[in-house]
Amino acid sequence: MADTTGQLSDNAANTPAARNAIGALIILLLAFAPQLVELAMALAGQIAALAVRSPLQVMSAHGAALVESLPALVRQWAEGGKITLRSDALIVLIYTYPLMAIALFTWLVRPRAPQDYFGGVVLMAIALFALGAASDLSGMRGFTFGPGTAPRMLGVLLLGMGAAVAVIGLVTEGPSLQIYHWRGPLFVSLAILSFAVAIRPLGLIVAALASFLIAALGTSETRWGETLIVGVVLTLGCALLFPYVLGLPMPLFPRLLVQ
């Protein structure tokens with residue numbers, strides 16, 4: 001995996017202030033990733049003549065959410081009623097604002113182990129996004145798991161682990177930022193996207209096994225015999241866990257076989 005997408009220059013890598021500024025900027029861009037992705041989708045929708053929000057509508061909605069979400073939350077909380085916020089406001093409160101604060105903190109401090117610190121921040125970003133995406137799903141009712149229970153539990157655990165790794169990177173000596181490779185992140189991202197696209201038409205069994213095998217392409221050290229066995233076992237576990245144990249309405253088999 002010698003191919004890389006790039007790395008910091010020697011001067012930037014050896015200057016803590018430069019590294020902090022670049023790291024803070026990257027985290028700030030990550031904070032606005034959902035808004036930027038939706039804006040890109042709106043632009044693509046305009047080109048392909050799809051029925052999506054226009055880029056101007058996307059920008060105005062997210063701009064209003066950035067300004068109004070926190071005052072709206074405080075006002076509804078003070079009134080004592082049920083807190084009801086739009087999805088744009090929820091993603092700002094749960095994901096964007098915390099990462100903006102982390103970006104400011106990163107700009108002010110000098111991590112002693114930058115690799116651990118920024119790795120922990122990335123884990124926190126993934127956890128915050130998962131919590132924001134699951135914010136409109138119902139949780140537990142008594143002893144019954146709701147569709148939002150597992151994502152919230154995993155999100156909180158990942159958030160705690162990421163925070164712990166980031167704190168370790170702040171207070172202990174460790175490795176600096178290294179050259180990063182494109183193959184692993186590319187195929188893991190493709191695996192996630194393929195699962196999201198294939199889960200409805202192909203069902204959980206096919207989508208889970210296919211996404212696992214796609215993720216295995218992220219390293220040249222994969223042993224395909226062992227990988228296939230592990231993939232089948234994990235797929236069977238998911239087929240039992242999500243529809244039957246957690247009660248989530250996930251199709252198991254391809255739509256053509258069920259109809």
Query - Linked, directly or transitively: Leu217 and Leu234 (ILVMFWY side chains, under 4.5 Å) - result: yes
Report summary line: Taking every heavy atom of Val206 against every heavy atom of Pro254, the minimum-distance pair comes out as CG2-CG, 4.1 Å
Requested in this report: Taking all non-hydrogen atoms of both residues into account, name the closest pair between Leu43 and Pro55 and its distance.
Outcome: CD2-CG, 3.4 Å
Query raised in the report: To which residues is Ile126 joined in a hydrophobic cluster, defined by side-chain heavy-atom contacts under 4.5 Å among Ile, Leu, Val, Met, Phe, Trp and Tyr, whether direct or through other members?
Result: Val122, Leu123, Leu158
Requested in this report: Take the angle between the ring planes of Tyr95 and Phe129 and call it parallel below 30°, perpendicular above 60°, tilted in between.
Outcome: perpendicular
Query raised in the report: Okay, side chain of Thr219, backbone of Thr222: is any donor-acceptor separation there less than 3.5 Å?
Result: no
Query raised in the report: Where do Thr106 and Ala24 come nearest, in terms of heavy atoms and distance?
Result: CG2-N, 4.0 Å
Query - Side chain Arg152, main chain Ala134, donor-acceptor under 3.5 Å - result: yes
Can you give the donor-acceptor pairs under 3.5 Å from side chains of residues 192-201 to other protein atoms, not counting sequence neighbours?
unit_1, atom_1, unit_2, atom_2, d
Ser194, OG, Leu190, O, 3.2
Ser194, OG, Ala191, O, 2.8

Report summary line: In terms of heavy-atom contacts, Phe212 and Thr227 come closest through CE2-O, 3.3 Å
Tabulate below the donor-acceptor pairs under 3.5 Å that side-chain atoms of residues 164-174 make, not counting sequence neighbours, or state none.
unit_1, atom_1, unit_2, atom_2, d
Thr172, OG1, Ile168, O, 2.6
Glu173, OE2, Arg112, NE, 3.0
Glu173, OE2, Arg112, NH2, 2.9

Query raised in the report: Mind checking what makes side chain to side chain contact (heavy atoms under 4.5 Å, CB included) contact with Leu90, not counting sequence neighbours?
Result: Leu85, Ser135
Requested in this report: Provide the closest heavy-atom pair for Ile27 versus Phe118 in the form atom of the first, atom of the second, distance.
Outcome: CD1-CE2, 4.0 Å
Query raised in the report: For the atom pair CG (Leu99) and CG (Leu28), what is the distance rounded to the nearest 0.5 Å?
Result: 9.0 Å
Query raised in the report: Who passes salt bridge (charged side-chain N to carboxylate O under 4.0 Å, His left out) against Glu221, sequence neighbours left out?
Result: none
May I have the list of side-chain donor-acceptor pairs in residues 62-73 shorter than 3.5 Å, sequence neighbours left out?
unit_1, atom_1, unit_2, atom_2, d
His62, NE2, Glu38, OE1, 2.7
Ser69, OG, Ala65, O, 2.7

Query raised in the report: Same cluster or not: are Leu241 and Tyr244 linked, directly or through other Ile, Leu, Val, Met, Phe, Trp or Tyr residues, by side-chain heavy atoms under 4.5 angstrom apart?
Result: yes
